[in-house]
Structure formats: structure tokens, C-alpha cells
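See structure below.
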Amino acid sequence: MDSEDEVISVASSEEMMEDQDSDLSMGGDYSDVDLDVDDPDVGFETQDKDIKPKRRPYEVEFNIYGPADIQSHQDQQIDEVSAILGQPPEATAILLRHTRWNKERLIEIYMDKQDTLLEEAGLGKSLAKLPELKKVKGFVCEICCEDGPDLKTFSMKCGHRFCLDCYRQYLAQKIQEEGEAARIKCPGDGCNKIVDSKSLDLLVTEDLKDRYQVLLTRTYVDDKENLKWCPAPNCEYAVDCRVKQRDLNKTVPTVHCTCGHHFCFGCTLNDHQPAPCSLVKKWLKKCEDDSETANWISANTKECPKCHSTIEKNGGCNHMTCRKCKHEFCWMCMGVWSEHGTSWYNCNRFEEKSGSEARDAQAKSRQSLERYLHYYNRYANHEQSAKLDKDIYLKTEKKMTQLQSSSGMSWIEVQFLDAASQALQQCRQTLKWTYAFAYYLARNNLTEIFEDNQKDLELAVENLSEMFEKPTDQLSGLKVEMMDKTAYCTRRRIILLSDTAENLKNGGAHSLRLRPGSFD
Amino acid sequence: MAAGGHKRIVKELSEVTGDPPAGTKVRLVDESDVHIWEILMDGPEQSPYSGGHFKLLLTLPKEYPFKPPVLNFQTKIYHPNVSNDDKGSMCLGMLRSDEWKPPNKLSAVLNYARNLLIEPNPDDAVEGGIAEQYKSDRRGFEKTAKEWVKKYAGKS
Ligand SMILES: [Zn+2]
Ligand SMILES: [Zn+2]
Ligand SMILES: [Zn+2]
Ligand SMILES: [Zn+2]
Ligand SMILES: [Zn+2]
Ligand SMILES: [Zn+2]
């Protein structure tokens with residue numbers, strides 16, 4: 001196996017990160033560390049950072065924008081294009097939205113066939129005149145059937161005139177109830193003229209204007225291919241990332257929102273590195289379809305393989321010790337734990353049976369089910385373990401806080417627990433997806449490297465996870481060891497992700513290969 | 001604006017009851033509530049629904065005419081654009097809030113519904129299966145539609 005070379009080649013880039021890792025073990029917030037690395041040196045929110053480490057192979061460039069940034073981006077583009085076209089800003093805004101903020105295309109079409117464009121965008125000609133309210137003799141409002149000489153009325157250039165109250169209520173209905181903004185049409189029957197922002201300003205109340213702006217910003221982000229809302233509940237940030245849809249087989253663009261949420265820019269699901277979006281989608285579908293088959297897995301109790309007494313799993317760690325006979329085994333494969341560190345033991349790899357055994361259809365289908373369960377088991381187990389890790393951390397933290405007040409230990413000294421917990425969460429998230437990914441991988445020597453990386457990370461994670469189950473009063477004495485183990489986990493994760501990302505990117509014959517049909 | 005909405009509804013009601021669209025009769029379910037109309041619609045002669053008598057409910061939301069009316073077939077009907085459930089809802093074209101315009105009139109809604117009986121719109125169907133049959137097996141569709149007319153839409 002030439003996995004050594006692979007690991008070494010990555011190890012050099014990993015050395016660069018040493019500083020960061022120790023930074024982290026000093027009690028820094030792990031997610032922040034990751035975030036800093038992603039901050040590109042170009043862009044909107046340039047932050048002052050002395051160190052600008054090179055991006056790792058699995059990291060993509062992105063920017064985070066708040067509502068004010070998004071607003072000013074729009075305004076900038078509107079001003080710029082308005083000057084070029086010689087159209088007022090409110091009309092330019094409609095034109096830009098019409099072409100989904102593609103400036104070049106807009107200018108091109110505008111030069112080519114101005115009249116058609118204005119018509120299609122819902123503007124019509126002669127835009128210079130300001131909209132105004134009028135009283136019109138003999139007017140009867142077609143909507144409310146009211147008339148009278150004092151009725152204030154409004155119409156856009158299209159001439160569909162309605163009373164002010166009706167116009168207002170129409171806009172309120174569209175904005176408030178239907179969440180429309182960029183494409184509200186004239187209330188006139190069959191009329192496609194878009195209500196521009198000048199007219200809107202004249203007609204609606206202040207609170208509706210605010211809502212209107214929010215909705216406009218929403219369509220702006222929805223219209224731009226490189227912008228996406230952070231899917232975290234109530235988060236108002238948008239992420240700008242230039243990864244193209246067609247490259248999603250080669251890269252997994254995880255982005256980190258200012259709110260702390262890590263998600264995939266490609267599909268907006270939670271971070272699922274190293275598995276590409278399409279496989280994630282397939283995998284989730286498969287899990288859903290096969291949920292019946294896999295139900296038994298989430299059981300919290302198993303039998304000790306040696307003395308058969310019932311073992312309950314309380315923490316996230318998969319290294320189990322039987323209370324009765326002290327036998328140490330692995331919760332996943334039920335194998336002896338001591339063998340898990342050795343090169344010849346495979347807990348993570350699925351060994352395909354060869355030869356006559358798997359020849360007939362029944363045996364084949366049994367084997368394919370076994371194979372699925374092998375990966376699903378580990379996938380689901382890491383998900384479950386991450387939850388248990390978190391529970392136990394929260395309990396530990398609570399105990400530590402109590403301990404602090406009685407022992408006089410300072411707050412900063414327990415932050416290593418927080419860092420460890422966050423690293424665990426992140427690593428288990430990664431591990432979880434390595435199993436979904438591996439399910440679709442065809443077997444070659446790169447797959448073996450992948451599995452070796454997976455095994456190393458897994459072992460590192462279980463070792464760290466195990467420390468949380470130690471009695472609380474021992475924890476402060478284990479600080480250094482825990483910090484080391486945290487840093488090690490983080491490094492193993494970086495190696496695994498870097499290796500896999502490079503393989504995906506390179507493609508071709510020397511890359512990780514998917515089993516036939518995985519990408520369709 | 002509730003009063004304004006009322007004026008409009010009353011005006012429409014008197015117009016429609018005074019001069020109803022061909023093949024329809026309109027009355028209020030409850031004389032004190034102008035928001036719920038009962039429609040009796042004859043199946044158009046040039047359609048498989050010919051000879052049928054359909055009862056529909058036209059409900060005007062309190063935001064009417066800023067929101068479209070809601071149309072429900074109370075008589076079961078075999079049609080790609082009417083939901084085959086206890087609601088019998090027809091919700092397409094001008095009946096959808098993004099296409100509805102406040103000046104649109106209820107008489108136009110009734111005409112629209114009646115025209116859909118003559119010419120269904122299988123591309124915007126609520127019953128995919130019926131739409132499929134309408135496109136690929138028109139005779140089979142008409143046969144079932146007629147059977148349903150006999151079964152559900154006879155003179156009551
Ligand atoms: Zn009016
Ligand atoms: Zn108009
Ligand atoms: Zn966020
Ligand atoms: Zn994704
Ligand atoms: Zn035991
Ligand atoms: Zn194992």
C-alpha cells in the first residue's frame with residue numbers, strides 16, 4: 001500500500017496549520033478558526049488578519065453578506081447600469097430584475113431591441129414623467145365601484161386608473177399576503193406593467209415599504225446564481241460563492257456563515273464533506289426508501305460478545321467495556337477493541353465476499369443488503385454518537401461549572417472541553433458522510449487510502465470521545481492530553497478531507513472511482 | 001374598505017342574478033351573507049357533461065376583490081381541472097391569486113368555469129390521471145365523464 005506517500009504529501013501542508021491547532025487548544029472557538037481560514041483576501045468584508053493561510057484543497061472561497069451589504073450591492077449595480085442606459089434608477093431596477101441581474105445581457109438587449117425589452121419588462125415607453133395622484137371628473141373605480149369628484153385616483157403609464165384606496169389595498173395584498181415585490185403587475189385586467197418603486201413610494205405606507213425592500217432583497221439573492229441564503233432559522237446573511245453547479249461532482253463547497261452554521265453551498269444541506277451533493281441526495285433517498293430495513297440499528301443496548309450481559313450505550317464513544325467481564329469491544333462491529341488500532345483489522349471497510357459464495361441471485365441480493373447495512377450502520381451510528389457526545393459534554397460542562405465555583409478554577413481553563421466537544425461534533429459529521437461516500441466508491445488503491453484515513457480519524461475520534469466519559473473531577477488533570485487529542489482529531493480530519501478533495505478534483509484514472517451508476 | 005367591497009359585491013350580484021351567464025343560475029345560500037353564492041350550472045351541450053346539473057359554491061374571501069373567489073363543485077364531476085375529493089375545487093387560470101386582477105368580475109369567473117367544461121386544460125390539471133386520459137384516450141375520458149354525469153349529476 002502506498003498510502004504512506006499520500007499522507008506525507010499532505011502532512012507538509014498540515015504543518016502550516018500547527019499554529020492554528022495550538023491556537024485552538026488554547027481555548028479558541030474551533031468554528032472560528034475554520035472560518036478565519038476561509039476568509040478570502042479579496043471581497044467585501046475584508047477582515048484584518050495577520051495570518052492568511054492558503055486555502056486547503058477542500059475549502060472554497062466565499063463571502064458572507066448582511067442585509068445592508070446586499071442592499072448596497074443592488075444600489076451600486078442599479079446606479080451603474082442606470083448611467084449606462086440613461087434610464088431612471090427605478091426603471092433600471094425593474095430591467096435588472098427582468099434579466100435576473102445579468103448586466104451584460106441587459107445592456108446588450110437594451111441596445112438591440114429597446115422597445116421589446118421595455119414592453120416585456122413591464123415598463124413601456126416614456127418613463128421620465130413622475131407618477132402622481134389625480135382627481136378625475138366622472139370617474140368610477142372599477143374595483144370598488146365608488147365614484148365622486150373628490151376621489152383620489154392613480155394610474156401608471158398604461159392608463160389603468162383606480163381609486164387610491166383600491167390601489168393601496170391591492171399593493172398591500174400583494175406585498176403583505178402574497179410576498180410579492182419585484183413582479184407586482186398593474187391591477188388592470190390583463191395588464192402586465194410592473195409597478196415601479198417610484199409609484200410604490202407614492203402609494204404605500206412606511207411599514208409596507210420596509211417589507212417591500214426585504215422582499216426585493218430576497219428576490220435579488222434568489223435571482224443571483226452565486227448568492228444563497230444561509231438556511232439556518234432566522235439567519236439573515238447570504239453567502240456569495242462562485243462554485244458552479246456543473247462542478248459539484250468535483251468539489252463539495254462547504255461554507256461557514258457568520259451565524260455559526262456550516263452548510264453546503266451546492267445543496268444548502270448541512271456540511272456533508274467529503275461526499276459530493278449528488279451522492280448525498282442519492283444516499284438520503286436510499287435511506288428513506290430502506291428505512292424499514294435499517295430500523296433495528298438505532299438500538300441503545302447490545303449484548304456483550306463475551307459474557308452476553310446487556311450493555312447500554314450512554315455516551316458517544318464506540319469503545320465499550322463490559323461492566324461485568326471487563327471485555328473491551330467495538331460497538332459498531334462487536335469486534336475486540338485492541339485490534340482496532342492495528343493495520344490488519346478493518347472495522348470500517350466492507351469486505352466483499354468473492355467466489356462461489358455470491359454467485360446466485362439470492363446471495364447477491366443478500367450481499368448487497370449487507371453492504372448497505374455496513375455503511376448505513378456506521379453512518380447512522382456517527383450521527384447518533386455525535387448527539388450522545390453533545391449530551392455528555394453538556395452534562396460535563398455543567399458539572400465543571402459547579403466544580404469551578406467550588407475549586408476556584410477559572411472559566412478559561414474549561415474552554416478546552418468546549419473545543420474538544422466542537423471538534424468531536426465536526427469530525428463525527430465528517431465521518432458520517434465518509435460512510436455514505438464509501439458506499440458509492442468502487443474498489444481501488446485510492447479507496448484503500450480513503451479507508452485508511454477514515455480509520456485513522458475514527459480511532460482519533462473514539463479516543464477523544466472516550467475522555468468525556470471520565471469522572472468529572474479527573475478532567476482538569478487531563479487537560480493537556482485532551483487538548484492534544486483534540487488537535488490530533490482536527491489534523492486527521494484535515495488530512496482526510498484534503499486527500500479526498502484532491503482526488504475528486506483531479507478526476508481521471510488515478511482518482512477515487514464511483515461504482516457504476518453512482519452519478520446518474 | 002369593507003364597505004367598498006360590499007358595494008361592489010352587491011352590484012355584481014344584482015347584475016349576475018338579473019342577467020346570468022348562459023346555462024347558470026345564481027342565488028345566495030343565505031340571504032344575509034353576500035359572500036357565499038350557490039351556482040347551478042347545466043353541462044354545456046357540446047361537452048360530455050351535457051344533460052348534467054352541477055351545483056357549485058362560489059365563496060368570496062373577505063379581501064374580495066383583491067383576492068380571487070374560491071370555486072367548489074359540490075356535484076362530483078370527472079374533469080382534469082376539478083379535484084376528485086370532497087372539496088371539488090377548481091383552481092387555475094384567473095382563479096389563482098397570481099393571475100387574478102381586482103377588476104375581474106364574477107360573471108367572468110362563471111363563464112371561465114363553464115368554458116373549462118367544454119374545453120378542459122390538461123396542462124394545468126389537478127387530476128393528473130384524468131388529464132393523461134384526456135390527452136391519450138379521449139373516448140375513454142368522455143365515457144367515464146358521461147357515466148359520472150348519469151351517476152351524480154342527474155336531476156335531483
Ligand atoms: Zn376603488
Ligand atoms: Zn395597467
Ligand atoms: Zn447563518
Ligand atoms: Zn451539497
Ligand atoms: Zn461482558
Ligand atoms: Zn469496530
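- Between B/Arg139 and B/Glu142 there is no salt bridge, since no side-chain nitrogen of the basic residue lies less than 4.0 Å from a carboxylate oxygen of the acidic one.
- Note on ring orientation: taking the six-membered ring where Trp is involved, the planes of A/Tyr65 and A/His73 are perpendicular (angle over 60°, cut-offs 30° and 60°).
- In this structure, the portion of A/Glu178 lying under 4.5 Å from any heavy atom of chain B is its side chain and not its backbone.
- Using a cutoff of 4.0 Å between basic side-chain nitrogens and carboxylate oxygens, A/Asp289 and A/Lys285 are scored as salt-bridged.
- For B/His79 and B/Phe73, the ring centers are positioned 6.0 Å apart or more.
- The candidate from B/Glu63, B/Lys11, B/Lys67 with the greatest count of non-hydrogen atom pairs under 4.5 Å with chain A is B/Lys67.
- Within the 4.5 angstrom heavy-atom criterion, atoms from both the backbone and the side chain of B/Pro103 approach chain A.
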